[in-house]
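Numbering starts at 1 and runs along the sequence shown. Remember, it's 1-based here, ligands and their atoms both numbered in the order they're listed.
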Amino acid sequence: MKAVKTVSNWDVEKVRKDFPVLSQTVNGQPLVYLDNSASSQVPQLVIDRGAKYLREEHSNIHRGVHYLSQHATTAYEAAREKVKRFINAKEAKECIFVRGCTEGVNLVANSYGRKFIGEGDEIIVSQMEHHSNIIPWQQIAEERGAKIRMIPMNCRGELIIDEYENLLNERTKMVAVSHVSNSLGTINPIKEMIATAHKFGVPFFVDAAQSVPHFPVDVQDLDADFFTFSGHKMFAPTGSGVLYGKREWLDKMPPYQTGGGMIRNVSFEKTTFAPIPDKFEAGTPSIAAGIGLGAAIDYLNSIDFEAAAAHEHALLEYATQRLSDIEGVKIIGTAANKASVLSFTIENIHPHDIGTILDQSGIAIRAGHHCAQPVMQFFDVPATARASFAFYNTREEVDKLADAVQKVIEVFA
Ligand code: C6P
């Protein structure tokens, strides 16, 4: 067996203690949580921050003159500042709070799309996108008389960059691509792809749902025009997420949803809108979740995120090797540059059966099409089993996964 490196400056046992859920047993076995791409777990610091808000600060924000409202507003806006620093946005106002990545894509597809996309225009997406980064573009394309163009991938699950360059032209109005594929784990060369789109004057939308939890990002360095991610995949509560957009775009875009909190002046003759970020944050937001997202960023700032990423990468390599050594297992997605995700199939065994049997050993993986049916069609499989790692996973857990996969094969034999 080839030697797979471990990361010496990462104390995984210490980090695991920060995540209370990891110490429980499931079906009589210690929980092995390998479904981090669906939702990651939440550290005690984030749980405590949410509880403090509910216990001591709960009230509506941006509206009240009273103590609690001002306190909650300050905490919520402090979370926005943390987001700004975490992704290195130029201004906190460029960071719009959304429910999650899906809402981020829908916001831009609808708002940008209604203003800037017209008859005969083209929107480029890739073959490995999550449905959330396909359907909103498809819908707006249909409404505006535009076309969707698709960047194909090769059999390793890597985008064919020459084909991408050939798709760009004067009709292209947006390129929308994931930073990391949720079904294959491929890390796309997003910085280079953005630079290419910009040569054609085309804005670039990054679906960062699967990158932000796994390695540091910098939206200014990437020069992304839009960049969205979900809190619940990065150690924060559900209902939190961020859409980053360059001010030059956000200022020009119309509101996506309308209602309270996003106006400057309303009369029956005419309504004018507040500047960003309020223009895109109609109604009462998920205040506790937003503050929780800020706490998750505090947590990530308190650990050595570079060492965490290196540990996770070493785990992915080790798991790839362990599973590749098992006869009958096929890895789906073998790109040279990958993060977190190990998708696989076992000859003649449905992924749902794999997932159910692994669950009996306390191992949580995801089985299905992962909301990426075009990827399944490309690899000609109905579904895959997917183990996805976070920095709190261990080599022992990978061993348990490999042993359980071997057992699945034996059960079906
Ligand atoms: N992927 C997975 O198990 P939401 O649901 O809005 O938080 O995120 C949507 C989304 C968008 N893009 C990518 C690349 C994603 O991975 C996801 C969510 C989960 O893979 C649930 S399907």
* **Those atoms of ligand 1 less than 4.0 Å from some heavy atom in Ser132** => 9 (C), 11 (C)

* **Test item: side-chain donor near acceptor, Gln321 and Ser324, under 3.5 Å** => no

* Structure fact -> Closest to atom 15 (C) of ligand 1 among protein heavy atoms sits His130 CD2, 3.3 Å

* For Ser230, atoms of ligand 1 separated by under 4.0 Å from a heavy atom -> 4 (P), 6 (O), 7 (O), 8 (O)

* To do: Go through the side-chain N and O atoms of Thr384 and His370 and say whether any donor and acceptor fall under 3.5 Å apart.
  => yes

* **Heavy-atom nearest option to atom 3 (O) of ligand 1, drawn from Arg366, His232, His131** => Arg366

* Taking the inter-plane angle between the rings of Phe229 and Phe227 on a 0 to 90° scale, is it parallel (under 30°), tilted (30 to 60°) or perpendicular (over 60°)? -> perpendicular

* His179 contact mode with ligand 1 (heavy-atom cut-off under 4.0 Å) -> neither

* For ligand 1, note which part of Cys371 has a heavy atom under 4.0 Å away: side chain, backbone, both or neither. => side chain

* Asked: Is the shortest N/O to N/O distance between His370 and ligand 1 below 3.5 Å?
  -> no

* Salt bridge Arg156-Glu158, side-chain N to carboxylate O under 4.0 Å -> yes

* Asked: Which word best sums up how the rings of Phe391 and Trp10 line up, parallel for under 30°, tilted for 30 to 60°, or perpendicular for over 60°?
  -> perpendicular

* To do: Mind telling me whether Phe204 and Tyr164 have parallel, tilted or perpendicular rings, with 30° and 60° as the class edges?
  => perpendicular

* To do: For His198 and Asp223, test the side chains for any donor-to-acceptor distance below 3.5 angstrom and give the result as yes or no.
  => yes

* Going by atom types alone, do Tyr392 and Asn36 pair a side-chain donor with an acceptor below 3.5 Å? -> yes

* Would you check whether Ser37 reaches within less than 4.0 Å of ligand 1, judged by its heavy atoms? => yes

* To do: May I ask you to list the atoms of ligand 1 that are less than 4.0 angstrom from any heavy atom of Gln210?
  => 1 (N), 14 (C), 15 (C), 16 (O), 20 (O)

* Side chain or backbone of Thr102 under 4.0 Å from ligand 1, or both, or neither, by non-hydrogen atoms? -> both

* So which protein heavy atom does atom 18 (C) of ligand 1 come closest to, and at what separation? -> Lys233 NZ, 2.8 Å

* Give a yes/no on ligand 1: does Asp207 have at least one heavy atom closer than 4.0 angstrom to it? => yes

